[in-house]
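First up is the structure itself, then whatever we jot down about it.
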Amino acid sequence: MNAAALAAFIPGPFRGLVRYQPTPAVDARGSFLKIFHQPTFAAAGFDFVSREDFHSVSRRGVLRGMHFQAPPAAQTKLVTCLRGRLLDVILDLRRGEPTYGRHWSIELSAAAPQVLLLPAGLAHGFLALEDETEVHYRCSAPYAPECDLGVRWDSFGFAWPVATPLVSPRDASFPPFGGFSSPF
């Protein structure tokens with residue numbers, strides 16, 4: 001493993017949260033980007049096994065979140081923006097962590113590709129900043145409806161940059177963080 005590939009992993013503010021900055025290959029035909037390479041992740045100390053992938057397309061102002069899967073189907077996720085721009089928001093739900101209840105955000109875009117590695121125990125959501133924003137999620141565990149949970153998007157102190165986002169009825173019905181009992 002070369003040092004440049006390992007240097008592309010940048011620790012985030014929560015234990016296990018990492019940004020990976022792949023280097024696109026660009027030529028006259030366009031570009032090529034390797035989003036995930038298991039040996040590269042393993043060499044950096046991340047034992048991620050992909051079990052299921054998801055792809056979403058959202059118009060500007062759509063807010064999706066704050067989602068997670070509870071044990072025994074808890075998921076580690078790889079998240080990347082394939083088109084457009086988004087504000088990605090993460091909330092630490094791990095009670096034993098000093099960062100429990102804290103949030104962090106980052107703008108992801110197709111123009112400056114990054115991959116977020118989110119360990120189990122973090123709730124995830126995003127706000128689409130452009131029309132036709134595409135997000136790809138790679139998950140370590142298959143979707144389990146009985147374990148698919150969330151925290152209400154406006155209940156944990158994050159200042160979303162939009163007053164009235166478009167939120168699904170399901171996301172709007174999640175319990176607020178203040179009354180939430182974390183399974184992590």
Side-chain angles (χ1 to χ4, degrees), residues 9-20 35-36 38 41-42 44-58 62-82 86-108 114-128 133-160 162 165-184:
F9 288 90
I10 303 162
F14 306 145
R15 183 181 56 80
L17 173 63
V18 176
R19 286 185 300 139
Y20 172 63
I35 293 172
F36 175 70
Q38 192 279 330
F41 276 70
F46 305 107
D47 187 24
F48 179 81
V49 175
S50 179
R51 301 278 188 231
E52 192 165 61
D53 285 20
F54 296 95
H55 177 256
S56 70
V57 179
S58 302
V62 167
L63 192 151
R64 297 181 187 259
M66 298 293 293
H67 306 141
F68 64 92
Q69 272 195 189
Q75 296 173 323
T76 294
K77 296 179 184 176
L78 292 180
V79 178
T80 193
C81 181
L82 299 176
L86 61 96
L87 179 64
D88 203 274
V89 179
I90 295 126
L91 173 64
D92 196 338
L93 301 176
R94 300 169 296 179
R95 288 181 303 231
E97 292 293 321
T99 52
Y100 173 75
R102 293 188 190 159
H103 53 76
W104 179 73
S105 66
I106 186 171
E107 186 174 305
L108 299 179
Q114 296 186 74
V115 179
L116 294 181
L117 174 67
L118 308 172
L122 301 181
H124 173 256
F126 70 86
L127 174 69
T133 292
E134 294 186 32
V135 180
H136 180 257
Y137 315 80
R138 178 163 279 193
C139 302
S140 65
Y143 174 67
E146 69 280 5
C147 297
D148 185 33
L149 302 173
V151 172
R152 190 170 158 91
W153 64 276
D154 60 352
S155 69
F156 57 93
F158 182 74
W160 295 92
V162 59
L166 180 56
V167 179
S168 74
R170 175 180 167 262
D171 289 1
S173 72
F174 286 145
F177 182 70
F180 172 75
S181 178
S182 179
F184 298 100

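These numbers come from the heavy atoms of this one structure, side chains and all, not from hydrogens, waters or symmetry mates. Index from 1, following the sequence.
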For this session: Report the distance from atom CG of Leu17 to atom CD1 of Ile10, rounding to the nearest 0.5 Å.
Result: 11.0 Å
Exercise. Are side-chain heavy atoms of Val79 and Val135 found at a separation under 4.5 Å?
Worked result: yes
Problem set entry | Considering all heavy atoms, the nearest Ala120-Ala74 contact | CB-CB, 3.7 Å
Problem set entry | Pairwise distance CZ(Arg102) to CG(Asp92) - rounded to 0.5 angstrom | 9.0 Å
For this session: Check whether any side-chain heavy atom of Val89 sits under 4.5 Å from a side-chain heavy atom of Ser105, and report yes or no.
Result: yes
Exercise. Do the non-hydrogen side-chain atoms of Pro119 and Arg94 ever get within less than 4.5 Å of each other?
Worked result: yes
For this session: Determine whether Leu86 and Arg64 make a side-chain contact, defined as any pair of heavy atoms from C-beta on separated by less than 4.5 Å.
Result: no
Exercise. How long is the gap from NE2 on His67 to NE2 on His124, to the nearest 0.5 Å?
Worked result: 9.5 Å
Problem set entry | side-chain contact (heavy atoms from CB on, under 4.5 Å) partner of Ser50, chosen from Arg138, Gln38, Lys77 | Arg138
For this session: Any chance you could lay out the side-chain contact (heavy atoms from CB on, under 4.5 Å) test for Leu117 and Thr76, step after step, and finish with the verdict?
Result: CA-CA 7 Å; Leu117 174 67; Thr76 294; 3.6 Å; yes
For this session: Check whether any side-chain heavy atom of Leu149 lies under 4.5 Å from a side-chain heavy atom of Phe174, and answer yes or no.
Result: no
Problem set entry | Minimal non-hydrogen separation, Ala144 against Ala73, with atom names | CB-CB, 3.6 Å
Exercise. Heavy atoms, side chains only, cut-off 4.5 Å: are Leu93 and Phe180 in contact?
Worked result: yes
Exercise. Where the side chain of Trp160 meets the backbone of Trp153, is there a donor-acceptor pair that is under 3.5 Å apart?
Worked result: yes
For this session: On the 0 to 90° scale, with breaks at 30° and 60°, tag the Tyr137-Phe126 ring pair as parallel, tilted or perpendicular.
Result: tilted
Problem set entry | Test item: Ser168 side-chain N/O and Asp171 main-chain N/O as donor-acceptor pair under 3.5 Å | yes
Exercise. Do Leu116 and Ile90 pass the side-chain contact (heavy atoms from CB on, under 4.5 Å) test, and can you show the C-alpha distance, the side-chain angles, and the key distance before you say yes or no?
Worked result: CA-CA 10 Å; Leu116 294 181; Ile90 295 126; 4.0 Å; yes
Exercise. Could you go step by step and tell me if Leu122 and Phe184 meet the side-chain contact (heavy atoms from CB on, under 4.5 Å) rule?
Worked result: CA-CA 9 Å; Leu122 301 181; Phe184 298 100; over 6 Å; no
Exercise. Taking the inter-plane angle between the rings of Phe48 and Phe36 on a 0 to 90° scale, is it parallel (under 30°), tilted (30 to 60°) or perpendicular (over 60°)?
Worked result: perpendicular
Problem set entry | Stepwise side-chain contact (heavy atoms from CB on, under 4.5 Å) check, Tyr20 with Leu78 | CA-CA 10 Å; Tyr20 172 63; Leu78 292 180; over 6 Å; no
Problem set entry | Ionic contact status for Arg19 with Asp88, cut-off 4.0 Å | no
For this session: To the nearest 0.5 angstrom, please state how far the CZ atom of Phe41 sits from the CG atom of Asp47.
Result: 12.0 Å
Exercise. Does the side chain of Phe46 reach to within under 4.5 Å of the side chain of Phe9, using non-hydrogen atoms?
Worked result: yes
Exercise. What are the two closest heavy atoms between Ala172 and Val167, and how far apart are they?
Worked result: N-CG1, 3.7 Å
Exercise. So do Gln75 and Leu118 actually touch side chain to side chain, heavy atoms under 4.5 Å?
Worked result: no
Problem set entry | Identified ring-ring contact (aromatic ring centres under 6.0 Å, His included) partner of Tyr100 from the options Phe156, Phe14, Phe177 | Phe177
Exercise. Looking only at heavy atoms, which two atoms of Thr133 and Cys81 are closest? And how far apart?
Worked result: CG2-SG, 4.2 Å
Problem set entry | Main-chain N/O of Pro176 paired to Ser155 side chain as donor or acceptor, under 3.5 Å | no
Exercise. Which atoms form the tightest heavy-atom contact between Thr80 and Gln114, and what is the distance?
Worked result: OG1-O, 2.8 Å
